[in-house]
Amino acid sequence: MKATVEKLDKNQVLLEVEVEAPRVQKAIDQAYRRLVKRVNIPGFRKGKAPRFILERYIGKEPIYDEAVEIVVPPAYEEALAEHSLEPIDRPEVEIVKVEEGEPLIFKAKVEVKPEVQLGPYKGVEVEKPEVRVGEEDVDAYLKSMQERYATLKNIEDEPAAVGDIVVIDFKGTVDGEPHPGLEGSNFTLELGSGTLVPGFEEQLVGARVNEERTINITFPSDYHQKDLAGKEAVFQVTVRGIKRKELAPLDDEFAKDVSECETLDELRQDIRRRLEERRRQEIDAAVRQAVVAKVVDAATVDLPEVMVRRRIAARIRELERNLQIRKTTLDEFLKENGKNMEDLDKEFRPGAEREVKTELVLEAIAKAENIEATEEEVAAEIDKMARAFRQDPEEVRKNLGDLSFLKYDIMIKKTIDFLVENSVAVPPREGGVEEKGETAAAGE
């Protein structure tokens, strides 16, 4: 087989492939055997008609077409491998020549992954703060534990105060008319939590059980429901119950009740260890994100539109799944927020472009540094999944089927590990970026 490649505009290439005559003849013979079993020819049992009879009955073209279906796909894959091309879309195939006893010639125009011009990716400087946990952090965590393990006492004769939990029925109107979603019953609300629209909770402070109140609020101009943004609303609210938190004292008994520690000092030490570990993980994640971001920014690549559109489509599908959980549809979501599909495209495009570029850059670095997933690493990851799902590793491997996605994830993670190991940690600049980071999307 011979294959030549010609670069076209942007990331498109044109492959011209010539498949040797003996291989073509074998495919033609196989095509005859397939077709003769599918065609009813008078006077012959199915599958028993000689080839010249079949050709007289249906013509040569169907046989050649079937032969093309047999020989072209594998020949196309071989041509891609020969020239180290990675297609990102389906090819446009043109059959140039197919004849008995002659080589088959076809052309395939296809968009491939672009070349990445890598910038510096070793020795990248990244800010890495120290792991610091102060006494105020431990105190705040203890306070949250107090809140979490607080008991609730029903209040009958006292007015509701900030921090109390009220149970309310409410019904809201806009411009004097009821509005969908602005009513509820037995709704639990902690006053001062900021759960509802600003001004709502404040107007319930001082209310008593069974008291009815009229609450006037104005929805923020950037409210997520566009039809309510900036609108004034009136709510009729009935307080059905008031509960007040009673906090246990911070002492050794509290430590025993909420943990396996025997004393409050032991609990404080345990909290410090956990906060330090959490902080360490946050810093490590932020460092990974920062290293990847700098390396990606330093690289140049012509982003294929087809890859970007696929990533946008994936984000839209994820949005649809989340909306299904909320018992609504994409159309309803768009209408409620005054958007259309073009708006979603514009909204998702920057993130999709960034994801595609990050993926391409990390792949290019992995290739340059010969980073791959080993069989031992794949087996270890399968064992980890098996333990998580309490299954046999072989059962997990069987369920996964094609392991290419698992190998790819391992490769990307190893590539990010490589970048971090080869980066240079520097102290944060005074007044610089926020220390606390978010987990990097790529490879995490």
Side-chain angles (χ1 to χ4, degrees), residues 86 88 113 131 141 144-145 148-149 257-261 267 270-293 296 307 310-330 333 348 351-352 354-356 358-363 365-367 369-421 436-444:
E86 294 185 73
I88 58 175
K113 284 188 176 180
V131 176
Y141 194 91
S144 70
M145 292 184 72
R148 189 161 61 243
Y149 289 97
D257 289 340
V258 302
S259 71
E260 297 181 0
C261 299
L267 177 58
D270 182 62
I271 290 172
R272 178 179 292 278
R273 283 193 297 270
R274 282 185 284 160
L275 291 178
E276 286 175 344
E277 179 57 29
R278 181 192 299 176
R279 184 77 184 107
R280 189 173 292 108
Q281 291 175 357
E282 290 172 348
I283 290 172
D284 290 345
V287 166
R288 291 172 72 83
Q289 184 183 35
V291 171
V292 171
V296 171
M307 292 184 74
R310 282 177 186 161
R311 198 58 58 94
I312 292 173
R315 288 186 168 212
I316 292 174
R317 288 195 298 272
E318 183 179 359
L319 173 62
E320 286 184 299
R321 287 193 293 270
N322 291 335
L323 291 173
Q324 286 177 352
I325 296 173
R326 292 160 48 186
K327 307 296 183 183
T328 187
T329 66
L330 181 59
F333 169 81
F348 289 151
R354 186 67 179 182
E355 287 179 8
V356 171
T358 299
E359 176 183 302
L360 292 171
V361 170
L362 292 177
E363 287 176 4
I365 293 171
K367 185 175 181 181
E369 298 294 335
N370 296 313
I371 299 173
E372 296 179 341
T374 66
E375 290 303 319
E376 292 78 12
E377 290 165 340
V378 172
E381 191 63 28
I382 290 175
D383 286 343
K384 181 180 177 181
M385 296 169 66
R387 289 193 299 272
F389 293 105
R390 297 182 180 179
Q391 292 181 333
D392 181 77
E394 286 305 314
E395 183 180 356
V396 173
R397 183 182 289 269
K398 181 179 178 181
N399 291 336
L400 288 174
D402 183 9
L403 297 178
S404 58
F405 288 108
L406 181 58
K407 292 179 179 178
Y408 182 84
D409 287 343
I410 294 172
M411 179 196 72
I412 292 296
K413 184 178 183 301
K414 287 177 66 177
T415 303
I416 298 176
D417 291 341
F418 170 84
L419 293 176
V420 173
E421 290 165 5
K436 187 174 181 179
E438 297 177 0
T439 302
E444 295 296 291

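This chain uses plain numbering: 1 for the first residue, then up along the sequence.
- In terms of heavy-atom proximity, Ile410 sits nearest to Ala373 at CG2-CB, 3.7 Å.
- Residue-environment remark: NZ (Lys367) stays at or below the threshold of 12 foreign heavy atoms within 6.0 Å.
- Between Glu282 and Arg279, at least one side-chain nitrogen of the basic residue sits less than 4.0 Å from a carboxylate oxygen of the acidic one, meeting the salt-bridge criterion.
- The closest side-chain heavy-atom distance from Asp257 to Tyr149 is not below 4.5 Å.
- Using a 4.5 Å heavy-atom threshold, the side chains of Phe389 and Val396 count as separate.
- Taken to the nearest 0.5 Å, the CG atom of Asp392 stands 11.0 Å off from the CD1 atom of Ile382.
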Problem set entry | Worked check of salt bridge (Lys or Arg N to Asp or Glu O under 4.0 Å) between Glu372 and Lys407 | CA-CA 8 Å; Glu372 296 179 341; Lys407 292 179 179 178; over 6 Å; no
Exercise. Could you walk me through whether Asp270 and Arg274 pass the salt bridge (Lys or Arg N to Asp or Glu O under 4.0 Å) check?
Worked result: CA-CA 6 Å; Asp270 182 62; Arg274 282 185 284 160; 3.1 Å; yes
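- To the nearest 0.5 Å, the span separating CG on Leu406 from CZ on Arg397 amounts to 8.5 Å.
- The line from CG of Asn322 to CG of Leu330 is 11.5 Å long, rounded to the nearest 0.5 Å.
- Using a 4.5 Å cut-off on side-chain heavy atoms (C-beta onward), Val356 and Arg310 make no contact.
- When every heavy atom of Lys413 is checked against every heavy atom of Arg288, the shortest pair comes out as O-NH2, 3.8 Å.
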For this session: Could you go through the side-chain contact (heavy atoms from CB on, under 4.5 Å) check for Val296 and Arg354 one step at a time?
Result: CA-CA 9 Å; Val296 171; Arg354 186 67 179 182; 3.7 Å; yes
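- Screening Gln391, Met385, Glu394 for a side-chain contact (heavy atoms from CB on, under 4.5 Å) involving Asn399 leaves a single residue, Gln391.
- Interatomic distance, Met411 CE to Ile365 CD1, rounded to the nearest 0.5 Å: 10.5 Å.
- Between Thr328 and Phe333 the shortest heavy-atom distance is OG1-N, 4.4 Å.
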For this session: Go through Glu355 and Met307 one step at a time and tell me if the side-chain contact (heavy atoms from CB on, under 4.5 Å) criterion holds.
Result: CA-CA 10 Å; Glu355 287 179 8; Met307 292 184 74; over 6 Å; no
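- Counting only distance, with no hydrogens or angles, the side chain of Arg272 and the backbone of Leu267 share no donor-acceptor pair below 3.5 Å.
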Problem set entry | Intermediate values then yes/no, side-chain contact (heavy atoms from CB on, under 4.5 Å), Tyr408 and Glu359 | CA-CA 11 Å; Tyr408 182 84; Glu359 176 183 302; 2.9 Å; yes
For this session: Step by step, work out the side-chain contact (heavy atoms from CB on, under 4.5 Å) result for Val378 and Leu403.
Result: CA-CA 8 Å; Val378 172; Leu403 297 178; 4.1 Å; yes
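- In this structure, Glu381 CD and Leu400 CG are separated by 10.0 Å, a value rounded to the nearest 0.5 Å.
- Listed for the Glu369 side chain is no donor-acceptor partner under 3.5 Å among the backbone atoms of Ala366.
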For this session: For the pair Asp284 and Arg280, evaluate salt bridge (Lys or Arg N to Asp or Glu O under 4.0 Å) and give the outcome as yes or no after the intermediate values.
Result: CA-CA 6 Å; Asp284 290 345; Arg280 189 173 292 108; over 6 Å; no
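- Rounding to the nearest 0.5 Å places CD1 of Ile371 at 4.0 Å from OG1 of Thr415.
- Salt-bridge check for Glu276 with Arg273: failed, with every basic side-chain N at 4.0 Å or more from each acidic carboxylate O.
- Residues Gln324 and Glu320 have side chains that never bring a donor and an acceptor to within less than 3.5 angstrom of each other.
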